[in-house]
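Encoded as structure tokens, the structure appears first; notes follow it.
The figures here come from the full heavy-atom set of this structure, side chains too, leaving out hydrogens, waters and symmetry mates. What you are looking at is a predicted structure, and each value in this text was computed from that prediction instead of being measured. Letters go in sequence order (proteins before strands), and every chain restarts at 1.
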Amino acid sequence: MIDIKLLRENPARFALGAKAKNIPIDIERILKLDTERRQLQGEGDKLRAEQGKFAKESGPQIGKLKGQLKGLKGAEAEAVQKQLDELSAKPLALKSAEAEISKRLAVIDPELNQLLLQVPLPPDSDVPVGASAEDNIEISRWNPDGFDPSKSFESQRGFKPKTHLEIVRDLKLADFERGVKLAGSRSYILTGDGMALHLAVLRYAVDFMVYKQGFSPTSVPVLVKEEAMVGTGFFPAGREQAYLIDETHRAGDPEGYDLYLTGTGEVGLMGVHMGEILDESVLPLRYVTVSTCFRREAGAAGKDTAGLYRIHQFDKVEQVVICKADEAESRAWHKKMMGYVQELLRSLSIPHRLLQCCTGDLGPKNADMVDIESWMPGRGEVGKDGVPSGAYGETHSASRLYDYQCRRLNMRYRAGGAVGKGDTVFCHSLNNTVLASPRFLIPLLENHQNADGSVTIPEPLRPYMGGKSKIG
RNA sequence: GGAGAGGUGGCCGAGCGGUUGAAGGCGCCUGACUCGAAAUCAGGUUUACCCGUGAGGGUAACGGGGGUUCGAAUCCCUCCCUCUCCGCCA
């Protein structure tokens, strides 16, 4: 959610921001509704004030007369009734006028809120303008000693690389046929060392964040209320990406709570403190979770259909930072959070690069986003010799959101003081992948495959694999 | 699933139709006293929105929503949640 006050002051900034993000939004309409709303609120407030005053002044008298009326008959009763009618005329008139205004507000408010929820956070001025992921800009690359993705795999390693599909098949690490039988397309079953490796990388990533970087390990619900989805900014724009547990329908109860399966642990982590006023001293909050993520992948039909790349269910270690409302601090955390991932990838000898996302690739909630892509030798165009060229594939995404999420989640802290002192301010939030698997198994298996078809397990993962150094 | 109890401010806890944004206590803040601290005393201490350059003014909120009433934290309806006991499951 953006700040309506800022929008009032500088509507052009938000109009331009939305345009840069390719998100259609009617700013004029919002301004008009906002003006109307404020005017109606003013009128309503005035009427209520008057009525409240009346209730205090003449109300008790009405009560007294009503009491008298009970014991009276005939002409006397009529006289009292007349007095009562006169006294009641004013509040009744105020009441109906107020009701009229409330009715109009009841129409305007939902529309205004609905629109406000759709206004994207304008990209930061230093984010390059672009239409889509095509226009993202490479910031940096890292390669392990002895391997450079810009040269062919075979020339450096002495054999033709297999794709992860082939590796997984040959080493029996996954069973796609049965996965699909069980759960439909984009489903899979990890088997044997495939499952073991999956658990190993997740656990390694969690431990890395907890014991090396000092993040608090936290479990979160993956089945959440709509509020949490709206609050974190995944709704309304991404509604079609989420699986719905339709409890309303199932229970035949129109008031029941529907629940949604989260597509990232970010929802749960950010939701932990929704509605709270945090003590300034607890900031920055640094949370890490590992959670199962569910994505419908609507609109991705036909894309990456084979293998472990684009799937409906996976597990992800996610890091979230909730800090004070300070741009410099927020930017510093962004860098740090990317730094953790770079360190992690280096420790596993995975070639990777950082991509500055352009405005068109940011999504509604981000002011800035950097993707981290890992080198996958089995991806990319297949050459004449039947060997793929290799390509970078997105494995991480680091977002900086200012107070966009916290405003929606109503997550604040009291700046500069204890309870009863200092202003309440919306926190800033950031998030970044630490590691998502099984997608991450793709670069892991493909980069560490050997000529004999085996796969070397990078040193840091071995303790999580029963000390084994090799698969196959 | 069956039976009961309950949801009030940062916390505890009163109020059960009117002057209560809400007694009292705890906590916290400011000041006085003190060399300093403790104790004591005095004052202060919710949030959101609207109007106003400002001082300030107004409205709303006692789990959510709706209703009755001139007036609701207090009455009615409904939903949600928490707790206790029983059953069921892990």
Side-chain angles (χ1 to χ4, degrees), chain A residues 1-9 30-70 80-106 108-110 112-113 116 221 223-228 230-231 245 247-259 271 273-282 403 406-427:
Chain A
M1 181 91 79
I2 52 96
D3 186 349
I4 179 86
K5 286 177 194 152
L6 296 178
L7 185 119
R8 258 178 232 148
E9 283 166 20
I30 292 174
L31 289 173
K32 185 167 166 266
L33 289 172
D34 177 51
T35 306
E36 227 170 297
R37 202 203 100 241
R38 280 189 291 164
Q39 199 203 329
L40 287 174
Q41 186 183 336
E43 286 171 29
D45 282 1
K46 216 188 280 170
L47 289 171
R48 272 187 295 274
E50 216 173 311
Q51 204 195 327
K53 215 171 109 201
F54 181 88
K56 272 182 195 164
E57 285 168 358
S58 320
Q61 208 183 334
I62 291 175
K64 218 160 71 186
L65 286 174
K66 277 196 173 167
Q68 280 177 20
L69 192 59
K70 279 182 196 156
V80 171
Q81 183 63 51
K82 203 174 153 218
Q83 268 191 49
L84 258 176
D85 289 346
E86 279 168 17
L87 273 173
S88 306
K90 193 177 169 194
L92 287 176
L94 289 171
K95 222 175 142 179
S96 68
E98 200 276 332
E100 192 53 42
I101 286 174
S102 294
K103 228 167 81 188
R104 286 168 66 191
L105 274 173
I108 290 175
D109 272 339
L112 182 58
N113 285 336
L116 278 174
L223 197 53
V224 302
K225 295 180 185 178
E226 181 169 15
E227 248 180 285
V230 174
I245 309 293
E247 282 295 290
T248 302
H249 184 80
R250 197 175 86 106
D253 175 4
E255 303 287 316
Y257 254 120
D258 283 347
L259 294 167
H273 296 290
M274 62 197 250
E276 294 184 22
I277 299 179
L278 299 165
D279 200 303
E280 191 175 13
S281 65
V282 308
D403 65 359
C406 294
R407 189 178 290 276
R408 288 171 167 248
L409 288 163
N410 198 20
M411 191 192 305
R412 293 165 294 173
Y413 68 97
R414 203 175 292 280
V419 175
K421 273 200 94 183
D423 292 331
T424 54
V425 184
F426 292 107
C427 307

Checklist entry - Taking atom C1' in both rG6(B) and rG13(B), what distance in whole Å separates the two? => result 14 Å
Using Watson-Crick or G-U wobble geometry with both distances under 3.5 Å, which nucleotide pairs with [N]?
| N | answer |
| --- | --- |
| rC83(B) | rG4(B) |
| rU53(B) | none |
| rU59(B) | rA48(B) |
| rG36(B) | none |
| rC88(B) | none |
| rA23(B) | none |
| rC70(B) | rG18(B) |
| rG31(B) | rC41(B) |

Rounded distance (Å) that lies between atom [atom2] of [N] and atom [atom1] of [X]:
| X | N | atom1 | atom2 | result |
| --- | --- | --- | --- | --- |
| Phe54(A) | rC70(B) | CZ | P | 10 Å |
| Leu40(A) | rG58(B) | CG | P | 21 Å |
| Leu112(A) | rC50(B) | CG | C1' | 14 Å |
| Lys103(A) | rG66(B) | NZ | C1' | 17 Å |
| Glu276(A) | rU47(B) | CD | C1' | 15 Å |

Between [X] and [Y], which heavy-atom pair has the shortest distance, and what is it?
| X | Y | answer |
| --- | --- | --- |
| Gly44(A) | Ile101(A) | N-CD1, 3.9 Å |
| Phe426(A) | Cys406(A) | CD2-O, 3.5 Å |
| Leu278(A) | Cys427(A) | CD1-SG, 4.0 Å |

Item to check | Which residue lies more 5' along RNA chain B, comparing Gln51(A) with Ile4(A) via nearest heavy atoms | outcome: Ile4(A)
Checklist entry - Considering heavy-atom distances to RNA chain B, does Gly52(A) or Arg412(A) have its closest nucleotide positioned more toward the 5' end? => result Arg412(A)
Checklist entry - Would you say a side-chain N or O of Thr424(A) is under 4.0 Å from OP1 or OP2 of rU46(B)? => result no
Next on the checklist: Can you see if the side chain of Lys95(A) gets near the phosphate of rG71(B) - specifically, an N or O under 4.0 Å from OP1 or OP2?
Outcome noted: yes
Checklist entry - Just checking Arg8(A): base, sugar-phosphate only, or nothing, at a heavy-atom cut-off of under 4.0 Å? => result sugar-phosphate
Checklist outcome for this item: Which of Gln41(A), Glu36(A), Arg37(A), Glu43(A) passes side-chain hydrogen bond (donor to acceptor under 3.5 Å, both in side chains) with Gln39(A)? Answer is Glu43(A)
Checklist entry - How about Arg408(A) and Asn410(A): does a side-chain donor come under 3.5 Å of a side-chain acceptor? => result no
From C-beta outward on [X], which listed nucleotide comes closest to its side chain: [options]?
| X | options | value |
| --- | --- | --- |
| Ala55(A) | rC70(B), rA48(B), rU59(B) | rC70(B) |
| Ile277(A) | rU47(B), rC50(B), rC70(B) | rU47(B) |
| Arg38(A) | rU47(B), rC50(B), rU59(B) | rC50(B) |
| Arg48(A) | rC70(B), rG58(B), rA60(B) | rA60(B) |

Item to check | Exceeds 12 heavy-atom contacts within 6.0 angstrom, atom CZ of Arg8(A) | outcome: yes
